[in-house]
Amino acid sequence: MQPLLELTDVSRHYVAGKTVVRALDDSSLTIWPGEFVAIMGQSGSGKSTLMNVIGCLDRPTAGRYRVEGVDVATLDGDALAALRRNTFGFVFQRYNLLATATAEENVEIPAIYAGMPREARLTRARALLTQLGLGDRAGHRPGELSGGQQQRVAIARALMNDPPVVLADEPTGALDSRAGREVIALLQELHAQGRTIILITHDEALAREAGRVVRISDGRIVDEASPAAPAVAPAAAYTAVGAPGVVPEILESTKMALRALRVNFFRTALTLLGIVIGVASVVTMLAIGSGSTRKVMEQISAMGTNLLIARPGAMGFRGGGDIVTMNVGDAEAIAALPNVDYVLPERSSRYTARYGNADYMTTVTGAWPSMAVMRDWPLSMGSFFTERDLTGYAPVVVLGSTVVKQLFPNGEDPIGRFVLLRNVPFEIIGVLASKGASMFGSDQDDVVFIPLTTGLIRLFGGTHVHSITVKIDDLSQIAATERAMNTVLRDRHRIEDFSVRNMASMIEMASSTQKTLTLLLGAVALISLVVGGIGVMNIMLVSVTERMREIGVRVATGARMRDILLQFNTEAAVVGMIGGIIGVAFGLGIALLLGQFGVDVAFSPWPPLGAFTSALVTGLVFGFLPARKAARLDPVVALAGE
Ligand code: ADP
Ligand code: MG
C-alpha cells in the first residue's frame with residue numbers, strides 16, 4: 001500500500017531581514033490513508049507551517065512532499081488548486097467564514113470552484129448543515145451564529161467537495177470546552193467514515209482522541225512513532241470533481257460581486273458617483289455638441305447645398321460692386337449648361353417703399369421667377385410673379401412679411417394694392433411666408449422682390465446684375481458644372497472679372513469646426529470618466545487589502561488564480577456597468593431637460609453606447625491591477641491577514 005501523504009526532509013525557512021526563521025526544519029512524516037493524526041507542539045513550534053505545507057497552501061523550501069506518490073513540486077498552480085479542492089478540506093481556528101454570506105452560501109463555496117451545478121450544490125449544502133445540526137440556521141450570517149455553530153459551518157464547508165483528507169488547525173482553540181468536544185466528536189465521526197484526519201492542537205486531552213500523536217518542536221518533528229502500513233485500507237468512494245464552466249462562474253462571480261458591493265453600500269455609491277458623473281457628462285456633452293452641429297448644418301443646407309454662386313470680381317478681389325460686366329446674358333448662357341436645374345440672376349438696392357403715408361426703407365431685389373423655388377420660400381398670400389410678368393416688364397411686387405407689417409400696420413389685405421418704390425407704383429401680388437432671422441442675425445423678411453426686367457428698366461438702371469445663383473441637379477457632378485460655368489463666363493467676358501463659389505466648401509468648413517467643438521466637449525467629459533475609473537481602482541485596492549482573509553479562504557477551498565482574478569474583475573466590471581447604466585440615464589435626462597430650455601441637443605445611439613462601453617472598460621482596466629494583486633497573494637499571507 002502507498003502512503004497518502006509523505007514528507008521527506010522537508011524545510012520551510014523564512015528570511016526576515018538577515019535572520020532566517022526555520023519554521024519547519026528537515027522534518028519527515030508519513031501519513032497513511034484513514035489515519036487520525038494529532039500534531040502537538042507549543043505556540044510558534046511550526047504546526048501551522050507544517051499544516052500549510054501539507055495542505056499545499058505553501059511550498060517547502062527544501063525536501064520532498066508527495067501526495068499519493070505525486071511530488072507536489074512538479075505541479076503547477078492549477079493542479080495545486082485542484083488538489084486543494086479535491087483532496088483537502090480545511091478547518092481553521094478562527095473559522096474564516098465570509099461575513100457577508102449566509103451559512104449556506106459559505107458552505108457552497110468549494111463546490112462553486114469545483115463546478116458543481118447550482119441545484120446539486122444547494123441540496124448538498126443543506127444536507128451537510130442539517131447533518132451537523134444547523135438545518136435551521138442555513139440562512140443566517142456568521143455574525144448571527146455562536147462560535148461552535150460557526151465552526152460547524154466551517155466543517156460543513158470543508159466537507160462540501162467530499163475530500164478524503166480533513167486538515168484542522170486548532171479547530172477548538174476559540175471554543176469553550178463543550179463546543180470543543182462536539183467538534184472533536186464530529187472529527188471522530190468523519191474518521192469513522194473513512195476519512196484521513198489531521199488535527200493540530202496543544203491540548204493533550206484532545207490529542208488522545210487521535211489514533212496517533214506527532215510532536216513538533218522548533219520546526220522539527222521529534223517523536224514520530226513511525227507506523228507501519230495499516231492492515232486494511234479504509235473503504236471510501238470519493239467523487240473527483242472538475243472545474244467550473246466559464247458562464248456559471250461569471251454568474252457566480254457577479255452574484256458574489258453584488259453582495260460584496262451591497263455590504264459596503266455607501267462606499268460603493270460614492271465610487272459609482274464618479275463613474276456616473278463621467279458617463280453622464282460624456283452623454284450630455286456629445287448630445288449638445290451634435291445638437292449644435294445639426295443646427296448649423298440645417299441652416300447651411302437650408303441655403304442649399306447644391307448651389308453655385310457667380311459674382312462679379314475675382315476671388316479675393318475687393319470692389320466687385322464696381323464691376324458691371326455680369327448680366328442677364330450670362331445667366332441665359334449658364335442656363336443652357338448641362339446639370340443646371342434653375343438659374344437666378346439678382347440685383348438689389350435699398351429703396352424706400354411707400355404706402356399711403358407709411359414709409360419704409362427696405363432691400364428691393366430684382367429676380368427671376370425661379371427665386372421662390374430655389375430658395376424654397378413659400379408664400380403666405382397671393383402668388384409669386386411668373387415668366388410672363390418677367391417678359392412683360394410687369395410692375396408687380398412680392399413683399400416680405402416685415403415690410404407688410406411696416407406698411408400695413410392695421411392688418412389690411414395688401415394684395416391688389418399699389419406700393420410706391422422710388423415713386424414708381426408696383427402692384428402687390430404676393431406676400432412671402434416669414435423666415436425669421438438668418439444664422440448671421442439679419443432679418444430675412446425685410447425684403448421685396450420684383451421682376452428683374454422691370455427692375456433694370458424702372459429702378460436700378462444699367463443692365464448688370466449682382467449675382468447669378470445656379471441650382472444644380474446632380475450634386476456629385478458639382479465640380480464639373482462649376483468648371484463649365486467658369487469656362488462660359490470666361491469666354492463671354494474675356495477676362496476673369498468674376499468668381500464662382502459653391503456651398504459645399506462652406507459646409508465642409510462649418511462641419512470641421514463643429515467636429516472640433518464636439519471632440520473638445522467629449523474629451524473634457526472623457527477626463528471625468530478616467531477620474532471615475534481611478535476611483536474604482538482606489539476602492540478595489542482597498543477592498544483587496546480588506547478582504548485578504550476572504551481571498552485566502554477561497555484559495556484554500558480550491559480557487560485557482562484565475563478564479564480570484566475573475567472575481568475581482570467582475571466586481572470592477574459590475575461597478576462600471578451599474579455606473580454606466582445610471583450615467584447614461586442621467587446624461588440623457590439632463591440633455592432632455594436642456595432641450596426643454598431651448599438648448600439644441602441631438603440624440604444618437606452611439607454616444608450612450610460608447611459611454612456605457614467606456615464605463616465598463618474603465619471598470620475592467622482600473623480593476624485589473626487590484627484583481628491581479630488579489631490573485632497573486634500568497635494564500636498563507638492572505639489567511640494570516642486581518
Ligand atoms: P504555530 O502554528 O506552531 O504556532 P507557526 O507555524 O505559525 O507556529 O510559526 C512557526 C515559526 O515561523 C514562528 O516562529 C513564526 O514566527 C515563524 N513564521 C511563521 N510565518 C512566518 C512568516 N510569514 N515570516 C516569517 N516568519 C514566520
Ligand atoms: Mg498556528
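Atoms within a ligand are numbered from 1 in the order they appear, just like the ligands themselves.
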Margin query: Closer than 3.5 angstrom, by distance alone: can the side chain of Thr268 be matched with the main-chain N or O of Asn264 as a donor-acceptor pair?
Written below: yes

Notebook entry, point to check: Which protein non-hydrogen atom lies closest to atom 17 (C) of ligand 1, naming both residue and atom, and how far is it?
Noted result: Val21 CG1, 3.8 Å

Check: Tell me: protein heavy atom nearest atom 3 (O) of ligand 1, and distance?
Finding: Lys47 N, 2.9 Å

Checklist line | Separation of Thr570 OG1 from Asp563 CG (nearest 0.5 Å) | finding: 10.5 Å

Checklist line | N/O separation below 3.5 Å, Gly44 to ligand 1 | finding: yes

Note to self: Can you report which non-hydrogen protein atom sits closest to atom 6 (O) of ligand 1, along with the distance?
What the structure shows: Thr49 OG1, 2.6 Å

Check: Hey, which protein N/O/S atoms does the Mg ion (ligand 2) have under 2.8 Å?
Finding: Ser48 OG

Next item on the list: Mind checking the CG-CZ spacing from Leu5 to Arg66? Nearest 0.5 Å is all I need.
Entry: 11.5 Å

Item checked: ligand 1-proximal atoms of Ser48, by part, heavy-atom distance under 4.0 Å -> both

Next item on the list: Working to the nearest 0.5 Å, report the span between CD1 of Ile112 and CD of Glu105.
Entry: 8.5 Å

Check: Roughly how far apart are Leu4 CG and Ile31 CD1, rounded to 0.5 Å?
Finding: 7.5 Å

Item checked: Plane angle bin for Phe92 and Phe90 - parallel if under 30°, tilted between 30 and 60°, otherwise perpendicular -> parallel

Next item on the list: Identify the protein heavy atom lying closest to atom 21 (C) of ligand 1, giving its residue, its atom name and the separation to 0.1 Å.
Entry: Tyr14 CE1, 3.4 Å

Check: Under 4.0 angstrom from ligand 1, any heavy atom of Gly41?
Finding: no

Note to self: Please report the interatomic distance CG(Leu50) to CD1(Ile39), rounded to the nearest 0.5 Å.
What the structure shows: 4.5 Å

Next item on the list: Of all the heavy-atom pairs spanning Ile564 and Arg554, show the shortest one and how long it is.
Entry: CD1-CB, 3.7 Å

Notebook entry, point to check: Once you round to the nearest 0.5 Å, how far does OG1 of Thr87 lie from CG of Asn161?
Noted result: 10.0 Å

Check: Under 6.0 Å from the CZ atom of Arg141, do we count more than 12 heavy atoms belonging to anything else shown?
Finding: yes

Check: Do you see a protein non-hydrogen atom under 4.0 Å from atom 15 (C) of ligand 1?
Finding: no

Next item on the list: Below 4.0 angstrom from a heavy atom of Gln42, which ligand 1 atoms are there? Numbered from 1 as shown, please.
Entry: 3 (O)

Notebook entry, point to check: Purely on distance, is any nitrogen or oxygen of Ala16 under 3.5 Å from one on ligand 1?
Noted result: no

Checklist line | Pi-cation contact, Tyr14 with Arg12 (under 6.0 Å, within 45°) | finding: yes

Note to self: Considering non-hydrogen atoms of the protein only, which is the closest contact for atom 12 (O) of ligand 1, and what is the distance?
What the structure shows: Ala23 CB, 3.2 Å

